[in-house]
Amino acid sequence: MKENERKLVEAVSEMREDEAVGLARAMLDAGDNPLRVLELCREAMDVVGKRFEKGEYFLPELVLAGEMLENIGAMAKPLIQKGSGAEVKKLGRVLVGTVHGDLHDIGKNIVTFMLDINGFEVKDIGIDVPVATFVEEIRAFKPQVLGLSGFLTLAFDSMKETVAEIEAQGLRKDMKIMIGGGQVDEAVRNYTGADAYGGNAVAAVGLCRKWLAA
Ligand code: B12
């Protein structure tokens, strides 16, 4: 990791908001890859999360960390390159939401943004989404891909419930389901019955491209 990258991770994880935003601005102005800047912020979030677990940080630090990431995200997003032909033709419909019981949405918002600029028609139905709402929205929007996001451990059960209900309603035949969020891995994918998981927003785009042969 380069010196300025290390400094950015440190400033975010040490809650030095002005310095963090300034460092991110300088990196973006210097032409650094905006996706790299977002990835560094995610690394910093892991540090914040670990300190929270150890009782060194409390809820206000989680809130501030979230705000810093949103601010830096707002600076980075306009600089992320659009995929070719994205404006001309939409590649397919993707419905995205954070499962019920979970309010974390920063990662989901990045996924929505990346799908959008890569040419997919994305409908983001927000956070803490009840199973019944997913079912209604699938009926109305008819997505080819459903993306379930969640960061809490309890979200795994919500994801499993959501997938099961979609299947029970006969809505799974023409739709793929991908899941993601900080702690999601292959074991969680297997537990929830989803088709695939994605570790980051680029992976989410890759899965949709593969499934829609776009
Ligand atoms: C910021 C934050 C918050 C903010 C959230 C603000 C917001 N608008 O989202 C606030 C303060 C609200 C919050 C609240 C809480 N939080 Co919190 N929070 C975090 C923190 C620090 C960062 C999360 C984050 O945004 N990461 C950055 C994003 C970019 O990463 P991401 O979500 O993983 O997304 C990427 C990928 O996963 C992927 N992805 C995401 N979604 C999807 C979907 C699909 C389909 C695909 C393919 C990919 C994909 O792409 C994204 C971009 O690359 C984490 C710690 C950590 N380790 O990160 C704790 C953490 C998630 N929180 C935690 C906890 C405990 C809580 C609270 C319960 C605290 C409390 N006592 O009230 C509440 C829960 C509220 C609720 N019901 O949801 C725990 C969860 C523990 C657990 N095992 O369940 C964590 C892990 C901290 C910890 N280590 O203890 N939190």
Side-chain angles (χ1 to χ4, degrees), residues 9 12-15 17 20 33-74 76-77 80 94-118 120 122-130 134 143-159 162-163 175-186 188-189 192 194-211:
V9 174
V12 173
S13 48
E14 301 283 340
M15 303 291 131
E17 184 173 17
N33 184 343
L35 282 176
R36 173 74 184 146
V37 172
L38 289 180
E39 181 53 33
L40 292 166
C41 291
R42 199 164 102 87
E43 280 182 33
M45 291 295 139
D46 288 339
V47 178
V48 174
K50 292 208 177 82
R51 290 187 187 167
F52 177 78
E53 261 171 34
K54 283 197 236 155
E56 293 165 13
Y57 278 171
F58 301 94
L59 206 48
E61 279 85 5
L62 287 190
V63 174
L64 180 58
E67 280 170 14
M68 278 192 272
L69 185 46
E70 285 193 340
N71 289 341
I72 295 174
K77 282 175 181 178
I80 297 173
V94 187
L95 183 70
V96 178
T98 298
V99 293
H100 70 88
D102 200 321
L103 307 176
H104 293 86
D105 69 353
I106 299 173
K108 168 186 69 60
N109 296 345
I110 298 175
V111 168
T112 300
F113 171 79
M114 286 295 288
L115 287 168
D116 181 39
I117 63 163
N118 278 286
F120 294 92
V122 198
K123 183 165 184 194
D124 180 347
I125 55 172
I127 53 174
D128 193 14
V129 178
F134 273 112
Q144 286 102 340
V145 180
L146 171 67
L148 302 178
S149 184
F151 216 127
L152 299 177
T153 314
L154 70 79
F156 306 157
D157 285 319
S158 305
M159 288 175 175
T162 308
V163 172
M175 191 182 70
K176 294 282 191 188
I177 304 179
M178 61 179 182
I179 59 170
Q183 318 183 60
V184 169
D185 58 13
E186 178 52 28
V188 176
R189 190 218 49 83
T192 59
D195 293 298
Y197 80 97
N200 56 44
V202 174
V205 173
L207 285 170
C208 292
R209 283 221 175 101
K210 185 178 86 179
W211 285 330

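As the structure lists them, so they are numbered: ligands from 1, and atoms in each ligand from 1. All values reported here derive from a predicted model rather than from experimental measurement.
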By number and element, which atoms of ligand 1 are closer than 4.0 Å to a non-hydrogen atom of [X]?
X      : answer
Asp46  : 56 (C), 57 (N), 58 (O)
Ile110 : 29 (C)
Met178 : 45 (C), 47 (C)
Gly147 : 45 (C)
Leu148 : 43 (C), 45 (C)
Glu53  : 88 (C), 89 (N), 90 (O)
Val63  : 11 (C)
Gly181 : 33 (O), 37 (O), 39 (N), 40 (C), 41 (N), 42 (C), 49 (C)

Exercise. Would Arg51 and Tyr57 count as having a side-chain donor-acceptor pair, cut-off 3.5 Å?
Worked result: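 Arg51 vs Tyr57: donor-acceptor pair found between side chains.
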
Problem set entry | Donor + acceptor pair across side chains of Asn118, Arg209 (<3.5 Å) |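 Present: a donor and an acceptor within the cut-off.
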
Exercise. Listed by chain and number, what are the ring pair (Phe, Tyr, Trp, His ring centres under 6.0 Å) partners of His100, not counting sequence neighbours?
Worked result: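 His100: no ring pair (Phe, Tyr, Trp, His ring centres under 6.0 Å) contacts found.
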
Do [X] and [Y] make a side-chain contact, defined as non-hydrogen atoms from C-beta onward lying under 4.5 Å apart?
X      : Y      : answer
Glu17  : Asn71  : yes
Pro143 : Val94  : no
Asn109 : Phe113 : no
Leu148 : Val163 : yes
Val48  : Met15  : yes
Leu62  : Leu59  : yes
Thr192 : Tyr197 : no

Exercise. Is the closest basic N to carboxylate O distance between Glu39 and Arg36 below 4.0 Å?
Worked result: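 No salt bridge links Glu39 with Arg36.
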
Exercise. Out of Val48, Val184, Ile179, Val111, who gets a non-hydrogen atom closest to atom 47 (C) of ligand 1?
Worked result: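 The option holding the nearest heavy atom is Ile179.
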
Problem set entry | Results of salt bridge (Lys or Arg N to Asp or Glu O under 4.0 Å) for Glu70 - residues two or more places apart only |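 Here no residue qualifies.
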
Exercise. Which residues pass the salt bridge (Lys or Arg N to Asp or Glu O under 4.0 Å) test with Lys123, sequence neighbours left out?
Worked result: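 Partners of Lys123 by the salt bridge (Lys or Arg N to Asp or Glu O under 4.0 Å) criterion, ordered by chain and then number, come out as Glu137.
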
Would you mind checking which non-hydrogen protein atom is closest to [atom], with the distance to 0.1 Å?
atom                    : answer
atom 34 (O) of ligand 1 : Gly107 CA, 3.2 Å
atom 81 (C) of ligand 1 : Gln183 NE2, 4.0 Å
atom 22 (C) of ligand 1 : Met45 SD, 3.7 Å
atom 6 (C) of ligand 1  : Ile106 CD1, 4.0 Å
atom 70 (C) of ligand 1 : Leu59 CD1, 3.8 Å
atom 30 (O) of ligand 1 : Arg42 CD, 3.6 Å
atom 78 (O) of ligand 1 : Leu103 N, 2.6 Å
atom 38 (C) of ligand 1 : Asn200 CA, 3.6 Å

Exercise. Would you say Ala65 has any N or O atom under 3.5 Å from an N or O of ligand 1, going by distance alone?
Worked result: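 No, there is no polar N/O contact under 3.5 Å.
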
For this session: Give yes or no for whether the N/O distance cutoff of 3.5 Å, strictly under, is met between Asp105 and ligand 1.
Result: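 N/O-N/O distance under 3.5 Å: yes.
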
Nearest protein heavy atom under 4.0 Å from [atom], yes or no:
atom                    : value
atom 45 (C) of ligand 1 : yes
atom 27 (C) of ligand 1 : yes
atom 10 (C) of ligand 1 : no

Non-hydrogen atom of [X] closer than 4.0 Å to ligand 1:
X      : result
Gly101 : yes
Glu39  : no
Gly199 : yes
Ala201 : yes

Rounded at 0.5 Å granularity, tell me how far [atom1] in [X] sits from [atom2] in [Y].
X      : Y      : atom1 : atom2 : result
Phe151 : Met45  : CZ    : CE    : 9.5 Å
Asp105 : Asp128 : CG    : CG    : 11.0 Å
Cys208 : Lys176 : SG    : NZ    : 11.5 Å
Asp157 : Leu152 : CG    : CG    : 11.5 Å
Leu69  : Arg42  : CG    : CZ    : 10.0 Å

For this session: Considering non-hydrogen atoms only, spot the tightest contact between Gly150 and Thr98 and give its length.
Result: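 It is CA-CG2, 4.5 Å.
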
For this session: Sort by chain and number the protein N/O/S atoms that are closer than 2.8 Å to atom 17 (Co) of ligand 1, and list them.
Result: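 As for protein N, O or S atoms lying under 2.8 Å from atom 17 (Co) of ligand 1, they are His104 NE2.
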
